[in-house]
Amino acid sequence: MRTIELFCVVFWCLCAAAWASTNRQPCQSPSMTSGTLSVSSTGGHDIADGEFNYDSTAKKLRFVENESHSNKTSHMDVLIHFEEGVLYEIDSKNESCKKQTLKYRRHPMELPSDAHYESEAYLGSPSKSEQGLRVRTWNGKLPDLHANYTMLTTSCGCLTVSCCYHSEKTDLTFSFMNVETEVDDAHVFVPPTYCDGVALEDTPDDHSFFDLFHD
């Protein structure tokens with residue numbers, strides 16, 4: 001897993017190798033993506049590893065943590081409807097559900113519309129077939145969270161490769177692997193029936209996706 005230190009080294013190497021114009025507008029994510037998401041904190045401490053599905057049109061995200069990844073007694077299974085501002089914490093084994101407000105809608109699955117373009121470069125070799133990946137580096141601020149971020153996306157397709165998030169609370173690195181531009185089962189975005197009738201708990205305005213991950 002890429003650590004924050006390695007990510008920052010890669011970031012500066014990309015800046016040094018940049019060749020493209022700095023006037024590029026933020027790209028748009030594919031309508032559907034799925035794959036593996038790994039989250040680590042400062043020093044490369046593993047926080048979570050699991051499967052994600054994202055619908056960028058309906059703004060819905062499902063993340064299910066891999067149960068074999070750690071010795072945790074409980075594993076994350078969350079469904080977020082960003083447009084509705086609702087987060088579901090799902091416990092399929094006990095068929096229980098927790099429902100919370102989520103008013104802050106930024107997350108690393110999608111490049112923010114106000115992201116600032118930094119550079120474009122290859123990870124690996126640009127001259128050897130299947131030996132490199134052309135990426136773009138973006139950065140920006142999240143004032144409501146007192147945070148900033150740096151994101152790498154693929155130059156073709158706008159898939160998020162990684163995101164380095166820094167705030168007053170925590171430093172996180174999100175790494176995306178085996179990403180596909182499809183979702184096998186759209187029902188992953190539908191809350192289980194045992195979530196019906198569960199009371200909606202109010203949370204602070206700055207409660208965000210990033211708060212789900214604690215070292």
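Residues: numbered from 1 along the sequence shown.
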*Is it true that Lys99 and Glu201 make a salt bridge, defined as a side-chain N closer than 4.0 Å to a carboxylate O?*
no
_Pairwise side-chain contact, Val183 with Phe189, heavy-atom cut-off 4.5 Å (strictly under)_ = yes
*Side-chain contact, heavy-atom cut-off 4.5 Å: Leu102 with Ile80?*
yes
*Quick one: NE2 on His166 to CG on Leu172, what's the gap to the nearest 0.5 Å?*
11.0 Å
*Have a look at His107 and tell me which of Phe82, Tyr149, Phe213 forms a ring-ring contact (aromatic ring centres under 6.0 Å, His included) with it.*
Phe82
*Please check if the distance between the ring centroids of Phe63 and Phe209 is under 6.0 Å.*
no
*asked:* Can a side-chain donor-acceptor contact be found between Ser40 and Asp46 if the only test is distance below 3.5 angstrom?
replied: no
_For Leu87 versus Glu89, what's the shortest heavy-atom pair and its separation?_
CD2-CG, 3.5 Å
*Check: Thr154 side chain, Cys158 main-chain N or O, donor-acceptor pair, under 3.5 Å*: yes
*Taking atom CE of Met76 and atom CG of Asn66, what is their separation to the nearest 0.5 Å?*
12.5 Å
_Tell me if a side-chain donor or acceptor on Thr173 pairs with a main-chain N or O of Cys164 at a distance below 3.5 Å._
no
*Minimum side-chain heavy-atom gap Asp205-His207 below 4.5 Å*: no
*Answer with yes or no whether the hydrophobic clustering places Tyr104 together with Leu79; edges join I, L, V, M, F, W, Y residues whose side-chain heavy atoms lie under 4.5 Å apart.*
no
*Taking it one step at a time, do Thr101 and Leu200 satisfy side chain to side chain contact (heavy atoms under 4.5 Å, CB included)?*
CA-CA 7 Å; Thr101 60; Leu200 181 63; 3.8 Å; yes
*State yes or no: do Phe52 and Val39 share one hydrophobic cluster built from I, L, V, M, F, W and Y residues joined by side-chain heavy-atom distances below 4.5 Å, directly or via other members?*
yes
*Met151, Leu61: one ILVMFWY side-chain cluster at the under-4.5 Å cut-off?*
yes
*For Asp55 and Ala58, indicate whether the former's side chain and the latter's backbone hold a donor-acceptor pair under 3.5 Å.*
yes
*Report yes if some heavy atom in the side chain of Arg136 is under 4.5 Å from a heavy atom in the side chain of Ser155; otherwise report no.*
yes
_The criterion is ring pair (Phe, Tyr, Trp, His ring centres under 6.0 Å); which residues satisfy it with Phe210, sequence neighbours excluded?_
Tyr165, Phe174
*Is it true that Glu51 and Arg62 have a side-chain N and a carboxylate O under 4.0 angstrom from each other?*
no
*Is there a donor-acceptor contact under 3.5 Å from the side chain of Thr160 to the main chain of Pro108?*
yes
_Ionic contact status for Lys59 with Glu110, cut-off 4.0 Å_ = yes
*Output, in order, the C-alpha distance, side-chain angles, deciding distance and verdict of side chain to side chain contact (heavy atoms under 4.5 Å, CB included) for Tyr117 and Thr137.*
CA-CA 6 Å; Tyr117 172 76; Thr137 304; over 6 Å; no
*asked:* In this structure, would Leu159 and Met177 fall into the same cluster of hydrophobic residues linked by side-chain contacts under 4.5 Å?
replied: no
*Report yes if some heavy atom in the side chain of Lys98 is under 4.5 Å from a heavy atom in the side chain of Val198; otherwise report no.*
no
_For the residue pair Thr153 / Trp138, report whether a side-chain donor-acceptor contact shorter than 3.5 Å exists._
yes
_Assess whether a salt bridge exists between Lys103 and Asp202, defined as any Lys/Arg side-chain N lying under 4.0 Å from an Asp/Glu carboxylate O._
yes
*Look up atom CZ in Arg106 and atom CG in Leu111, then write down how far apart they are to the nearest 0.5 Å.*
9.5 Å
_Can a donor-acceptor pair be found, under 3.5 Å and without considering hydrogens, that links the side chain of Ser92 to the backbone of Glu95?_
no
*At what distance, to the nearest 0.5 angstrom, does OG1 of Thr33 lie from CD of Glu182?*
11.0 Å
*Do Lys169 and Asp211 sit within salt-bridge range, that is, some charged N less than 4.0 Å from a carboxylate O?*
yes
